[in-house]
Amino acid sequence: MKVLACTIIAGYSGQAFTADNGQDSTKEQTMVVTAVAGSQGQEDESNIVAHSATAGSKSSQLISRTAQSIAVVTQAQIEAQAAKTIPEALRYVSGVSSESSGPDTRFDTIMVRGFEADEYLDGLRLPREAWWSRPAWDPFLLSRIEVVKGPASVLYGQANPGGIVNMVSKTPQAEPGGQVYVTTGNNNLFGTGVDATGALNEDKTLLGRVAGTFFDTETQVDHTRYQHYAIAPSLTWQPSDRTSLTLLAQLRKDPDSGFYNQMPLSGTLTHNPNGQISTHFYGGQPGFDKYEREQGSIGYQFRHDFNDTVTFRQNLRYISSTGDYLMVYPWGEHADAPLIDRYSMNLKETMVNFAVDNQAEFHLQSGPIAHTLLVGIDRMHSSVRSQSGYGDASPINYRDPDYSTPVEKPPFDSSTHSTMDQTGFYLQDQLGWNRWIMNLAGRYDAAKTKSTDLIADTRSERNDYATTGRAGLLYHFDSGLSPYVSYSTSFVPTSNTDFYGHAFKPTEGKQTEIGLKYDPVGLDALFTLALFNLRETNVATPDPDHANFSVQTGEIRSRGVEVDGKINITPAWSVMASYALTDPEVISANDGSEGKHPVGIARNSAKLWTEYALSGPLDGVSLGGGVRYVGSSYATTDNSLKVPAATVYDARIGYQWREWGVALNAANLTDKTYLATCQDNGCEYAMKRQLVATVNYKW
């Protein structure tokens, strides 16, 4: 019998399957993995290449041994590219479109493989039932961001078929360290942050960490700004190697949460005889508009190893958020150009969410087959209270805007309270035999949604049930090559009813994927190739027999190819590159879109980033840069108009002297004007040049 041991950098102890490096692969093998607790966070802060992830299997697993596409953005990459939002941090991931709203960054809208992805924090779903009170996170407070591409409902419950984005919080580390930074830039940008961690007692059974940020900036759009400040303390108690409890909390306030500024097609995408609409033009109402948001969360991550075979984990979080939104917004071209129509809205929303995930992991041996068996029960409760009112505002001339006409605050004419409860039971078995790895998983979900109209005093209730699954098979060669094939499904409950009052079934997703991963021996690198065919069914489409009603006969298909590569060629030279071909199509619909391509999804995209640290007389100096190509996309549902392709360049120069670092980043270096996305009722300009200078001190 051969015994193979390896070490995985992981946040907690666990097992994973690895291939035998010997030549005799026919003999029985026992696969043993020792994880280094608490060290993943420190690796993420120093290396752009990540070799393991937890989001794909809910246990620490080598990406090269996982039969599904997973991309990781580490804190080192976030810092190198000076990303200040989650969408900015994801701009170099293949198959991901995250900046479709340009300078409007009120909410994260992350498209993966042509579908909007759901966001998770530390493996627990962030509520989407709320809109105006949706929580936000500063990437400085995270150690990494993991993107699981394709359906992931089998482990996470209701989730759109494109995939999920899992943000991983910074947690306490045993070794003392930290940093302080100050940043400034164009548009009167100013930001600062602090992060400190270390042991709180001599035997290192208590670890602490606190991270906080302040951020304030105007934007390329006149009369607009963003401002937030946040603090995230955490405490870990680990009385033994087998037990740990980490408490996590976060408070954030956004005095200025942003604006909506979509412009008409005419004057942005198409010619307007009155001239092009400026990227600086603001269609709102200065002095009237406001968007304030507050959020707070508290939770814990608990782990106990009963022995070398059985581990129990429980993750829990409570989060609340409020949004106060008063806004005048542009919507459509006025009959008398160059006027743009405007409307007003008044919204208040409060959201509370509770989520808990219980996991029992068993490491078993059945003859020559090693099993990592995961049994889980998760539960989530969300409550959202909303008040809203809408009104009219005077049109505005985009050539010569006059904001002096007063706007009346719309009274609330709608008040609702909705709740959602979901309970899921899941089972996953990862089987390893010689160089073969198989993943089999299944899940059953029960979801209940209640909605109350507090003005009309009417109530509605809906129950949804779904079964989802995943199967994957991977073979790992000694060279580091790992071909794989997988099949997975997803579901999302819907709130509509048909003409006869029958509640809609959940939309369902299913994906077939084949791919190849390469984790070369002796080289700090990871390369992945994936080909996928993804379908969403039960999509609502207009009822041909009853006006203003829908039927669930729609279907959307997305297929494509994705290539990702990250490599540290030398300790001084790193490169990351990606390419994606995404081909979505409406397979079935009743609104004339059948056979058309959904709007806003670029067919081709390619990205490249490299950084090199000089030596000799220029020791301490580093140079970096990137190029992002976004191909053309359709602007209207009838596919009569296209958004042109665009290529933008990014650059970075830095200097490191002992604990001090100075860097200057430029995104969209040439200040290119282009459109981020368009749809039938308008377009969003992309971000113009962003200059960010940062000084940091690390210890």
Side-chain angles (χ1 to χ4, degrees), residues 78-91 98-109 136-140 181-193 213-230 252-263 268 276-287 289-293 327-330 398 401 403 625-626 628 646 648-654 662-677 683-696:
I78 292 171
E79 180 181 322
Q81 296 172 349
K84 300 304 178 186
T85 65
I86 303 301
E88 287 180 6
L90 297 174
R91 60 173 43 145
S98 58
E99 297 180 277
S100 59
S101 297
D104 174 6
T105 57
R106 296 169 299 164
F107 318 111
D108 298 343
T109 303
W137 259 260
D138 190 310
F140 179 73
Y181 80 87
V182 176
T183 187
T184 186
N186 59 334
N187 297 317
N188 292 320
L189 181 151
F190 174 79
T192 185
T213 62
F214 172 80
F215 183 76
D216 181 84
T217 184
E218 297 174 358
T219 81
Q220 67 194 43
V221 179
D222 295 338
H223 311 291
T224 62
R225 73 182 311 108
Y226 283 90
Q227 184 184 93
H228 75 255
Y229 46 90
R252 171 168 167 149
K253 183 176 177 62
D254 294 49
D256 291 290
S257 297
F259 59 96
Y260 174 85
N261 203 48
Q262 182 176 271
M263 295 291 109
T268 54
Q276 197 78 358
I277 300 175
S278 170
T279 57
H280 301 288
F281 168 70
Y282 180 50
Q285 187 77 359
D289 299 341
K290 72 169 184 177
Y291 184 15
E292 300 175 353
R293 182 170 52 196
M327 190 70 62
V328 168
Y329 61 97
Y398 72 79
Y403 302 106
R628 291 175 280 136
V648 295
Y649 302 92
D650 304 325
R652 180 185 189 275
I653 182 170
V662 181
L664 175 63
N665 286 74
N668 190 0
L669 180 64
T670 61
D671 203 24
K672 183 180 182 67
T673 299
Y674 66 104
L675 295 172
T677 189
C683 296
E684 300 270 8
Y685 281 112
M687 295 286 283
K688 299 278 286 180
R689 180 167 53 219
Q690 298 170 276
L691 298 175
V692 179
T694 305
V695 177
N696 67 58

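As a basis for the values below, the full set of heavy atoms in this structure was taken, side chains included, without hydrogen atoms, waters or symmetry mates.
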I'd like to check M263 versus C683 (side-chain heavy atoms, cut-off strictly below 4.5 Å). Are they in contact?
no

Are the side chains of Q690 and L189 in contact, using a 4.5 Å heavy-atom criterion?
no

Here the gap from E292 atom CD to K253 atom NZ, rounded to the nearest 0.5 Å, amounts to 5.5 Å

For the pair H223 and Y403, name the ring-plane relationship: parallel under 30°, tilted 30 to 60°, perpendicular over 60°.
perpendicular

Mind listing the closest non-hydrogen atom pair of A646 and K672 along with its distance?
CB-CE, 3.9 Å

Charged N to carboxylate O under 4.0 angstrom, D254 versus R252?
yes

For the residue pair S100 / T109, report whether a side-chain donor-acceptor contact shorter than 3.5 Å exists.
no

Are the side chains of P255 and Y229 in contact, using a 4.5 Å heavy-atom criterion?
yes

Check for me whether the distance between the ring centres of F140 and F215 falls short of 6.0 Å.
no

side-chain contact (heavy atoms from CB on, under 4.5 Å) between V648 and M687: does it pass, once the steps are laid out?
CA-CA 10 Å; V648 295; M687 295 286 283; over 6 Å; no

Pick one: which of T217, D256, D216 meets side chain to side chain donor-acceptor pair (under 3.5 Å) with Q227?
D216

Assess the residue pair K84 and V692 against the criterion (side-chain contact (heavy atoms from CB on, under 4.5 Å)); give the C-alpha distance rounded to whole Å, side-chain angles, the decisive distance to 0.1 Å, and a yes or no.
CA-CA 10 Å; K84 300 304 178 186; V692 179; 4.2 Å; yes

What are the two closest heavy atoms between A83 and P139, and how far apart are they?
O-CG, 3.6 Å

Taking every non-hydrogen atom, the tightest pair across V221 and T279
CG2-O, 3.7 Å

Distance col, row M327:CE vs Q285:CD, nearest 0.5 angstrom, shows 11.5 Å

Any side-chain heavy-atom pair of N668 and Y674 under 4.5 Å
yes

Has F190 got more than 12 heavy atoms of other residues, nucleotides or ligands less than 6.0 Å from its CZ?
yes

What are the two closest heavy atoms between R293 and A136, and how far apart are they?
NH2-CB, 3.7 Å

Closest contact, heavy atoms only, R689 versus L669
NH1-O, 2.9 Å

Judged by atom type as modelled, is there a donor-acceptor pair below 3.5 Å linking the side chain of Q262 to the main-chain atoms of S101?
no

Cut-off 3.5 Å, side chains only: do E218 and N187 have a donor facing an acceptor?
no

Which value, rounded to the nearest 0.5 Å, describes the distance between T694 atom OG1 and N665 atom CG?
6.5 Å

Closest non-hydrogen atoms of R91 and A667, given as atom of the first, atom of the second and distance, are NH1-CB, 3.9 Å

Distance (rounded to the nearest 0.5 Å) between Y398 OH and Q276 CD
7.5 Å

Side chains of P401 and Y282 in contact at under 4.5 Å (non-hydrogen atoms)
no

Is a side-chain donor or acceptor of D108 paired with a backbone partner of P87 at a separation under 3.5 angstrom?
no

List the steps and the verdict of side-chain contact (heavy atoms from CB on, under 4.5 Å) for D138 and H228.
CA-CA 9 Å; D138 190 310; H228 75 255; 2.9 Å; yes

Got a donor-acceptor contact below 3.5 angstrom from the R652 side chain to the A663 backbone?
no

Do R225 and F259 have side chains that approach each other closer than 4.5 Å (heavy atoms only, starting at C-beta)?
no

With the side chain counted from C-beta on, respond yes when L675 and Y685 share a heavy-atom pair under 4.5 Å apart, and no when they do not.
yes

Flag the pair Y181 / T213 as yes when at least one side-chain heavy-atom distance between them is below 4.5 Å, and no otherwise.
yes

Can you tell me how far OG1 of T219 sits from NZ of K688, rounded to the nearest 0.5 angstrom?
12.5 Å

Take T105 and E88 through the side-chain contact (heavy atoms from CB on, under 4.5 Å) test and state the conclusion after the steps.
CA-CA 10 Å; T105 57; E88 287 180 6; 5.8 Å; no

